[in-house]
Structures are given as C-alpha cells and as structure tokens.
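So that the names make sense, note that chain A is the first sequence line, chain B the second, and so on, each numbered from 1.
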2 protein chains.
Amino acid sequence: MNKTEARALPTAPPAGSPALPVRRATGDVRRRGRPHGRPQTKARILAAAEPLFLEHGYRATTLRAVAAAAGVDSALISYHFGSKRGLFGEVTQIQCARALDLTRAFTGDRDGLAERLLDLVTELWDEAEVNRLAVENEEVMRVFREYLEGEVLTRLAEYLGGHGATRRALAAVTLIGGLIFTRYLNPLPLAAALPSEEIRRTLAPALRAALAPTVRGPRTARATRPGV
Amino acid sequence: MNKTEARALPTAPPAGSPALPVRRATGDVRRRGRPHGRPQTKARILAAAEPLFLEHGYRATTLRAVAAAAGVDSALISYHFGSKRGLFGEVTQIQCARALDLTRAFTGDRDGLAERLLDLVTELWDEAEVNRLAVENEEVMRVFREYLEGEVLTRLAEYLGGHGATRRALAAVTLIGGLIFTRYLNPLPLAAALPSEEIRRTLAPALRAALAPTVRGPRTARATRPGV
DNA sequence: GGTTTTATTCATCACCGTTGAATATCCGTG
DNA sequence: CACGGATATTCAACGGTGATGAATAAAACC
C-alpha cells in the first residue's frame, strides 16, 4: 500500500570500508559503545514511535522506521523494549491512560447517569487518538476488554446496586462497547458523523432502559422505582 | 509463539543437482509446467487455508504453510489470489456469508422484533467461526462495518419506518454491534459465558427502548402507536 | 498442427524482527 | 585515582516472510 512513504532506509552503501562510522545528517558521528551524557534514548524512541503507530498502524510501522525517526539503531528497540510488541505496549499504555477514566460519570445522581456516561465517553474518545491503532492489535483489544469488564462493568454494578445489578451493568456495557466500537474502533460513517449531542439523544433511551431495574414478578407494570 | 507447530518447510536440500524435481510424500513427482487434468487447485488452496486461518489467525498463517497443506507451490497462491490479502478475502467471504443473514428476524410482527434479533444474532454467531480471525484483519473489519451499516441499519430503518427511523435503527445497531463485539470479536468472559436466553433477557429491554418511537412533542405520553 | 493462453515450479528478491558480538561510557568499590 | 562490572550503543548477520520473474508444460483455440 503506502510502502513508498514509510521507506527511509537505503540500507547503507554496501561497498567501501566496512567499519566506517555512519555520519548522520546533523553532522555528529555515531560511534559504537555507550555514548556520553544521558541521551534519554528510551523516551526519544517512544516519542518517535507514537505518531508512526498512530499514522500507519502497528503492522505497517517497521522498527527500522522508528529507529530512523528516533535517530538510533534499530537493535536498540529490542534492547530497551524487548520486542516490537513491547514497544507498542508502552506506547498504547500511554494512549489508553488518557482516555479510559470514567470516574467523572460515577459522581452524581442516579437519574442523569445515562446521559453523563454517554457524554463522557464521546468527549474522551473524540479527542483520544487510540482510534487508529486499536483494532488491529490484540494487545490493545486485551486492554480494552479488561477495561470494559474490570473498570466499567464492575464499577457500574457497584454504583447501581440492587437486584440484578450485574446484569444491568452488562447491558449498559454492551451498549457503551457498541458505541465505542461503531464510532471509534471501526467507525460506521453514520455513527462517526453524528455530533455528541445527537449521540446522547439517540442512545439515552436505550441506556436508560438498560440501567433500569428489571421487573421481578411475572407481569409488573413499567414503573421505574428510583431507589433500587 | 507457536512457531514450531506451523513450520513444515525444510527449504529443500540446498546442495545437489539444482533442477531436480521435488518428490512428494505421495510419490508423485511435481514437474514444472501445467499439470494434466483439472486439479482444482484453487479450491484445494481455499480448503487448506480456511482451517489454518481459523486456527492461527491471519498473521501467524504463512503462505508457505498454506501451500504445504494444499500440496502446491507457494507462488501459486499469489498467482491465483493475487496476494495473501486476496486469499484471506475469499476465505472470509465464505465465512461471512454463512453468518450474516438476518432476513429471518425481519419477517414477523413488530412487537417481537427485539427478541427475534437477539436470538438470531446469538444463534448465528455462536456457531460461526469468524470469531478468531475477525479482529486482527482490517479487511474483515471493513466487511463487518459495511454489514452493520448497509445491511442491518438500512433494512432495520425500512422495517421500522416512521419518525426518526434511522436514528432508532442506529441505536439498535449500536447495541447489536456491541453484542457482537463484546461476545464474539473481543469476548468479555462474562458476556461470552452467558447462554443465549440470558442474553435475550438482559438486552431485550434496552433493544426495545432503542427501537421504540421517539416522542415528538415536549412531553407526550409513552403510548406506542404501532403504525407510524 | 501451430499459436496463444493458462497453470505450475523454481530461484530469487527486498525487507522484516531479532540476536550475538564488539565496543565505549558510566558507576560503585577499593 | 584505578579498575572492573553494569549498561548502552552500533554493526553484521540470521532465518523467515510475501512477492515476482523466468522457465516450462499442458490446455484451448483456430
């Protein structure tokens, strides 16, 4: 696909003196061995990797391209992060921490919970950049899974309480997961184009119903008791 | 990871006479050039590729392994399918056609639609095998996206009709997409463990609310007019 | 029967992620 | 201060990947 764009390593002139040190564009000569001072290489690699992963995705981002962007040898990535997965893991851990905190929605009255949840999710994910790189990598999927189950579902069930709290939380997580999936991870044009107020209007009834206490008896009326 | 399992190509003895034809385990000698009869090679490749993709996923399935399983040269895959993507595309097209037909849910009365949809989705996906290979490949994600938007959403909006039909269909698609996502594509343990009757019980209220006509005026009653 | 088209094998390509060896600096201990 | 690991870096290579072009043989066509 876009191979030509990400290609930046001419693999060095094969002939000539073999052990001649590479002269970078900046003019400094990279020698073997530990360099002087504290070059903060690990951070530089992370900073170089992040936009590349976001732009081209996991697969199409090569370690050699990251190394070139960071101005270091590609072997340093394996040295510092163990593997390409390891590097990606650290990058996405940064990314995810930014966008996965729903605590704000859990403070407030029970009645506005549905709207608060929807608004917060759209707000956080609209400006998060996890979107691109998420679907293709199973590490991200694992993080997201544990987030949905461990963070959202559990805390929601606690917040709700009462009869069938876990079931109601699961219904809500299904809807919220569906929102994130169809709007960010694998965006349907129609869902991605809607402004967040429209999202709230569209999904609030369903989310309210998901959160509402389930009827116990065989055929009770549809009254929603606010307490439990 | 499981490299040792899928490795089956000793890359041939490098020495010896160079153009000596390879002798297969079956005893037949593969010569160059077009073979006799109609070996149905394309179908054999597809049949060999399907279980490998399902077992090991897209990434870990190598063209050489598929070729070895099919008993042909690996270059034949590029010849017949263009690329690895092309092969994967044909395999998943078969897979998807099996599990993505919701017509059955759209025949019947409007009242039981929610339950019919939920039951059909769980029934189809429980026995479908798209699960494994789905998340990691963007081709599958594209198919799934077009399916959700083009097939489910459009037909649902037609079926519903009336005011805000598209909006209600979008809410339903969000929930159904969330179900497929959290139960099959990236299964949460809790959602995947539930039997389908529980799924119906859990999600039916939310899906009903999503499908229900939205109120027009500032504070109309919650009466559901069946026609429009 | 001769020509073109199609199907196959083989050798090879560029590139990928990873690893081992060589090397140079840092840092703690004497 | 001397010195000896520990650490950080470059370089060269390895095995494996998907793809491609040349050689070749059967089929299909006229």
Let me have a per-nucleotide readout for nucleotides 24-30 of chain D, 5' to 3', with B, S or -, counting only protein heavy atoms under 4.0 Å.
BBBSS--
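Between C/dT9, C/dT18, D/dT10, one nucleotide has an atom nearer to the side chain of B/Asp73 than all others, and that is C/dT9. Side-chain atoms of A/Ala75 lie closest to D/dT10 of the nucleotides D/dT9, D/dT10, D/dA19. Between D/dT9, C/dG17, C/dT6, one nucleotide has an atom nearer to the side chain of A/Thr62 than all others, and that is C/dG17. Picking from D/dT10, D/dG18, C/dA7 the nucleotide with the shortest atom distance to the side chain of B/Lys84 gives D/dG18. Checking D/dT10, D/dA13, C/dT6 against every side-chain atom of A/Arg64, the shortest atom distance belongs to D/dA13.
B/Thr41 has a side-chain polar atom (N or O) that falls below the 4.0 Å cut-off from OP1 or OP2 of C/dT8. One finds a side-chain N or O of B/His80 lying less than 4.0 angstrom from the OP1 or OP2 phosphate oxygen of C/dT8.
Every residue two or more places apart in sequence or in another chain that forms a side-chain contact (heavy atoms from CB on, under 4.5 Å) with B/Leu63 is listed here: B/Ile77, B/Lys84, B/Leu87. In this structure B/Tyr79 satisfies the ring-ring contact (aromatic ring centres under 6.0 Å, His included) test with no other residue, sequence neighbours excluded. By the side-chain contact (heavy atoms from CB on, under 4.5 Å) test, B/Thr166 pairs with A/Leu190, B/Leu153, B/Ala157, sequence neighbours left out. Remark: B/Glu146 engages B/Arg142 in a side-chain contact (heavy atoms from CB on, under 4.5 Å) (not counting sequence neighbours).
In this structure, B/Ile77 atom CD1 and D/dT17 atom C1' are separated by 12 Å, rounded to whole Å. In this structure, A/Phe81 atom CZ and D/dA8 atom P are separated by 12 Å, rounded to whole Å. Rounding to whole angstrom units, CG of residue A/Leu63 and P of D/dC14 are separated by 20 Å. As a whole-Å value, the separation of A/Gln40 CD from D/dT7 C1' is 15 Å. Rounded to an integer number of Å, the gap from A/Lys42 NZ to D/dT7 C1' is 13 Å. The distance from atom CG of A/Leu87 to atom P of C/dC16 is 15 Å, rounded to the nearest whole Å. One can place OH of B/Tyr79 at 5 Å from C1' of C/dT6, the figure rounded to the nearest angstrom. Atom CG in A/Leu76 sits roughly 18 Å away from atom P in C/dT23 (whole-Å rounding).
Looking at every heavy atom in both residues, A/Glu50 comes nearest to A/Val91 through CA-CG1, 4.0 Å.
Looking at heavy-atom distances under 4.0 Å, A/Ser83 makes contact with sugar-phosphate atoms alone, never a base.
Screening residues 186-195 of chain A for salt bridge (Lys or Arg N to Asp or Glu O under 4.0 Å), with sequence neighbours left out, gives no hits.
The side-chain heavy atoms of A/Thr174 and B/Ile199, taken from C-beta on, include no pair separated by under 4.5 Å.
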